Amino acid sequence: MHVLTEYPILTILIFLPLAGCLLLLPVWNCRVSARPIALGVALLELALSVWLYVSRQDLPGVQTKLPGYLLSQDAPWIPSFGIRYTLGLDGISLLMVMLTAFTFCMALLVSWNSIKEKTGLFLTLMLTMEAGIMGVFLALDLALFYLFWEVMLIPMFFMIGIWGHGRKIYSTIKFFLFTMFGSLLMLLAIIFLHLLHAQQTGLATFGLHDLLKTQLPADTQLWLFAAFFLAFAIKFPLFPLHTWLPDAHTDAPTAGSVVLAGLLLKTGSYGLIRFGYPLFPQAAQALTPLFYTLALISIIYASLVAFAQEDMKRLIAYSSIGHMGYVAIGIAAWQPVALSGSILQMASHGVTTGALFCLVGMLDERAHTREIAAFGGLWGNIPKYSFFFLLFSLASLGLPGLNNFVGEFLVLTGTMKKSPLVAALAFVGIVLTLIYTVRLVQEVLFQKERQPLPLADLSLREICILAAFAAVAVWMGIHPAPLLDLVHAPVQLLTGGGL
Amino acid sequence: MFDNVWLIPLFPLIGFLINGFFGKKIKNEAVIGGIGTLMIFMSFIVSCGILLQMIGLPPEQRVFEKVLFPWIHSGNFKADMAFLVDPLSAVMIMVVTGVGSLIHLYSIGYMHGEEGFYRFFAYLNLFCMSMLLLVLGNNMLVMFIGWEGVGLCSYLLIGYYFHKKSAGDAAKKAFVMNRVGDFGFLIGLFTLYWWFGSNHNIWTINFTEIKAASHLLPYGGVVTVATLCFFVGATGKSAQIPLFTWLPDAMEGPTPVSALIHAATMVTAGVYMIGRMSFVFIKSPETMMVIAVVGAATAIFAATIGTAQNDIKRVLAYSTVSQLGFMFLAMGVGAFTAGIFHLMTHAFFKACLFLGSGSVIHSMHHALHKIHSHDDAQDMRNMGGLRSAMPITFITFLVSTIAISGIPGFSGFFSKDEILWQAFANPYHGGLNIVLWGVGALAACFTAFYMFRLVFMTFFGECRINAKAKSYLHESPLVITIPLMVLGFLAAVGGYIGLPKLIGDMFGGIPNYFEHWLEPVFALANQYSAQYAHHGAHPSHAFEWSLMGLSVVIALIGIGIAFTMYVQNKDLPGKFTATFPALHRAVYNKWYIDELYDFIFVNPCKAFGQFLWKGFDVIVVDGVVNGVANVVMGFSGIFRYIQSGYIYNYAFSMALGVVAILGYYIFK
């Protein structure tokens, strides 16, 4: 028996950050000692998830209830309502868990010096959020999933509201309203599904693998899926539900943006893959044209708008919408190659965009502005910074050999099979992506030096952050085979095999 | 030796890493340039080894594949990081590493004293690596890494003088236009992949496997769609109509870049790609027709523009576009060998011409700098009479000019004449063949004209810069002239490995080595073409001779006109412009194609983005949301109150939230 199966490793993944919060209490006001504790916990999480990844082939796998899962845990939690504490880890979750652990390490490091007030609270919120996101990616009981879903959102409201800049209150309320609206609809749908299942079978359950067997009339299915879809589409975000994102990103602190783009957006796509499509396959099928349309509009619309932006952070925020549009297309195609591409793109986008937000944050710390027009010729001024800026811009525009290419390529390959027209239109987005990204690079790195002050080049800490991002980006671009292998089995199960 | 093929792209990669990361600390130009040049030269040695080994093998065994590691594997989709060595890629790696080495060497002299010297060599090495991946890839996706990689390096190198806005804009334009082409490449790839997969359960993007299964492809239909898409990719990379306008602007980059990327290697990628997939392209007569027509049209169109430019590099740039048109014309009439042959000879003479122009610019720049003049060192109107000051540059330049003009005995004659002959004799395009030949011949006439115009304006006549500056003009150092001499030599004699049968027979049956060499690569395509095109009665030798003679006469006419206008009677150009001002303005302004594209694509796109953001996003979508938000203003007030309070408040409200949610579930 593998050592990992002897401990409730999934529970540890979720509750370790919460335990970290307790450790922070004694040093609440002491920034110097609180930061290493939080970082230590995050690193421990990363180590755990990497260990899981490395030893994934030695895990016996879960045979009985959850085929295709590597690890699972199941215990009754609130028996009177049939709510169980069910966790499961398959290849998709594992990839997301690794992304989460990695992103939090980076987010903590990038905010190392910039968060000067209420550090204890900030770190607590970060760790709580990590616990919540881990839970979202592991929960297989819908009630549990919903709980984690809320746990991960609440700290983000505070993070934008307290440590943000600009119109932070406006932005956080906007974010709050959008997400709450979606969450509540999803909650209603979950309860409705629960009741329906209880009515049919007499079994009160929120477990995903029981609910999958619920018989749903077509129109009910459509309504329930619509509710789920709305909640997840807001998270994606899909046009026209996207306007919270540019504001939230622009006004959030850097760490907040990194987590938001790297992870919170992914919970939407993950939710669709894990719950939305398997629970309501016919409805999903019926809504595919709508999904395609929204995704395509998102890609093209966001790319065009990104081109017109004057604030770097806002530009990257819009680019995020565009990139997530590819994830959406891959899910809508619901085809193994495209879906694998979507899942890989989720991870890739987290890395690339996370790094870009870090870069903008670093520039903001130096120059106290993010206006594109305020910069120029950085290449001559701060070459190390510029190198990373160029690298991640190239990754973002989908240069082969770097991470984003693999995901987007597979999405388009798969979609081409299902609907060539959609794939062809999505290509327009690829050209547009290049245009606005090159414009950003051009204005900021090249041309005449415009910035008023001589800026300092990267510090060692910043180099470490960006080098870690870069290593992952290059590795995912050159050798994505193991990751694709990781998601292969679950994707086959989800799409029912076939092409 | 075949097994070591991975070393070929690896060496430049190492060079890139060393110079890219440590170049700034190394500082010493000789070391940086030395590393860069050595790395590509090592690749050249390995390439030579591979070539020699291949020559030793019987033709049918000259194919080798080397799989390094699995790259993208997802379900049925498999793309390995793998290389294909065959006679075609052998020619390409020899050209890339050989000409590449010379240009690296040249750059040590040319870039001397430039800020960011290390950056230049890092990019050059990275470019070579990408280009080698492009030609060595055994599947479309590895080719695509190279395809995009060379685009990136081209972007970085055009924008090398990044403080200059014009350089940045040119770089951006090149990148975007290439990306538009890539769009076609990928769609083509998908089309072939899914067609083979769903119809024949063959899931592959591997060239060898597609070749083996190519008999399953129908003539026309899906193949036309796929190949037209691929061809769109080729027009972007190889600067053909309609995606050619980036190449002349790319002259903003340093001159060695123009020689390496925008003449000898990258821009030929499209031609190579068609050659690599000849067995697919040949199955679509429609696409072949399009390629031939676009090639011929580009050849003549760019040649006309070349006649009116005054910037020495721009003339060469349009000349490159035009010569690439010749290569596509060859591909389009099924003369794959001739196309690749012209690719190779063009690499020699055009690299020599660009490097020679660089040598001129270098010297002019130096002289103008000495007298603190701000005159344009690249404008031919400031030059003249340089042949006495720069004899080596002049002679090599002249040899290459003769070669490109198609004067018998020099490399360009053999390759270009072969293309024109094939355009005429090809059985594919019905009555169009005479048109194709005619347009090609006319373009050749223009070529001879503008090239000799360039030579006369630059090297002959009176020196037009002031007398003081004239004394500073000097021949370039050896590190610059050695590559010129080598390339000049190749431009002169490189054509003899591909002697036309007609001439070979005259000298006791010297075979066309080049054709025999590429025979195994294109045999299948030729076989397919025989199935649909009827090779009529072969025109007589006498006819072939007279056609050849005609093309020589045409070239001589071009030279003659140039001589009359720019040496004998120098008022003529002025009179000509005065007589036809509109025509001259249109040609000088490149037929206003840039302005047209700005009007149709660029400006509307910009305006639309602004409108969507300021108009739609902020007013319409946010308007609705803010309306909702205003309703809950009270809530916002509470939030503001909480926000400004103590940390306990936050902890408290957090706890409250959690309790509320838990409570909801427990006490519902």
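Order of the sequence lines sets the chain letters (A, B, ...), proteins ahead of strands, with each chain counted from 1. Just so you know, these numbers use all the heavy atoms, side chains as well, and skip hydrogens, waters and symmetry mates. This is a predicted model, so every value here is computed, not measured.
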(Q) Closer than 3.5 angstrom, by distance alone: can the side chain of B/Ser74 be matched with the main-chain N or O of A/Leu484 as a donor-acceptor pair? (A)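 Checked: no pair found.
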Q: Look at the side chain of A/Thr413 and the backbone N and O of A/Phe409, then say whether any donor-acceptor pair between them is shorter than 3.5 Å.
A: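 Such a contact is found between A/Thr413 side chain and A/Phe409 backbone.
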Q: Could you check whether the rings of B/Phe69 and A/His479 sit parallel, tilted or perpendicular, using 30° and 60° as the cut-offs?
A: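 Taking A/His479 first and then B/Phe69, their aromatic rings stand perpendicular (interplane angle over 60°).
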Q: Classify the ring geometry between A/Phe178 and A/Trp244 as parallel (under 30°), tilted (30 to 60°) or perpendicular (over 60°).
A: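 Tilted: the ring planes of A/Phe178 and A/Trp244 meet at 30° to 60°.
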Q | Closest heavy-atom pair and its distance - B/Val142, B/Gly137 | A |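 Closest pair (atom of B/Val142, atom of B/Gly137, distance): CG1-CA, 3.6 Å.
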Which bit of [X] is near chain B, if near means a heavy-atom gap under 4.5 Å: side chain, backbone, both or neither?
X: A/Pro383; result: side chain
X: A/Leu394; result: side chain
X: A/Ile430; result: both
X: A/Ile478; result: both

Q. Tell me, side chain or backbone of B/Leu141 under 4.5 Å from chain A's heavy atoms, or both, or neither?
A.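 B/Leu141 touches chain A through side-chain heavy atoms alone.
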Q) Between B/Leu152 and chain A, which part of the residue has a heavy atom less than 4.5 Å away: side chain, backbone, both or neither? A)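 Contact with chain A: side chain only.
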**Q.** side chain to side chain donor-acceptor pair (under 3.5 Å): pairs with one or both residues in residues 421-436 of chain A, sequence neighbours excluded
**A.**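 Listed by first then second residue: nothing to list.
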Q: Please find out if less than 6.0 Å separates the ring center of A/Phe122 from that of A/Phe158.
A: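 Aromatic pair excluded; centres sit 6.0 Å or further apart.
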**Q.** Near-ring test B/Phe185/B/Trp147, centroid separation under 6.0 angstrom
**A.**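 Under 6.0 Å, so yes.
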Q) With sequence neighbours excluded, what pairs up with A/Lys418 under the side-chain hydrogen bond (donor to acceptor under 3.5 Å, both in side chains) test? A)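 Checked A/Lys418 against side-chain hydrogen bond (donor to acceptor under 3.5 Å, both in side chains); zero matches.
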**Q.** Top contributor to chain A interface from B/Lys172, B/His73, B/Met81 [non-hydrogen pairs under 4.5 Å]
**A.**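 Greatest number of close heavy-atom pairs with chain A: B/Lys172.
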Q) Among B/Ala171, B/Ala79, B/Gly168, who wins on heavy-atom pairs under 4.5 Å with chain A? A)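 The candidate making the most pairs under 4.5 Å is B/Gly168.
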Q) Could you name the residues of residues 157-166 of chain B that have a heavy atom within less than 4.5 Å of a heavy atom in chain A? A)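 Under the 4.5 Å heavy-atom cut-off, B/Phe162, B/His163, B/Lys165 qualify.
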Q) So which pairs with a foot in residues 148-162 of chain B pass salt bridge (charged side-chain N to carboxylate O under 4.0 Å, His left out), sequence neighbours left out? A)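 Checked against salt bridge (charged side-chain N to carboxylate O under 4.0 Å, His left out) - neighbours excluded - the pairs reaching residues 148-162 of chain B are B/Glu148-B/Arg179.
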Q: Name the member of A/Leu445, A/Val428, A/Leu390, A/Leu397 that forms the most heavy-atom pairs with chain B at distances under 4.5 Å.
A: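 Greatest number of close heavy-atom pairs with chain B: A/Leu397.
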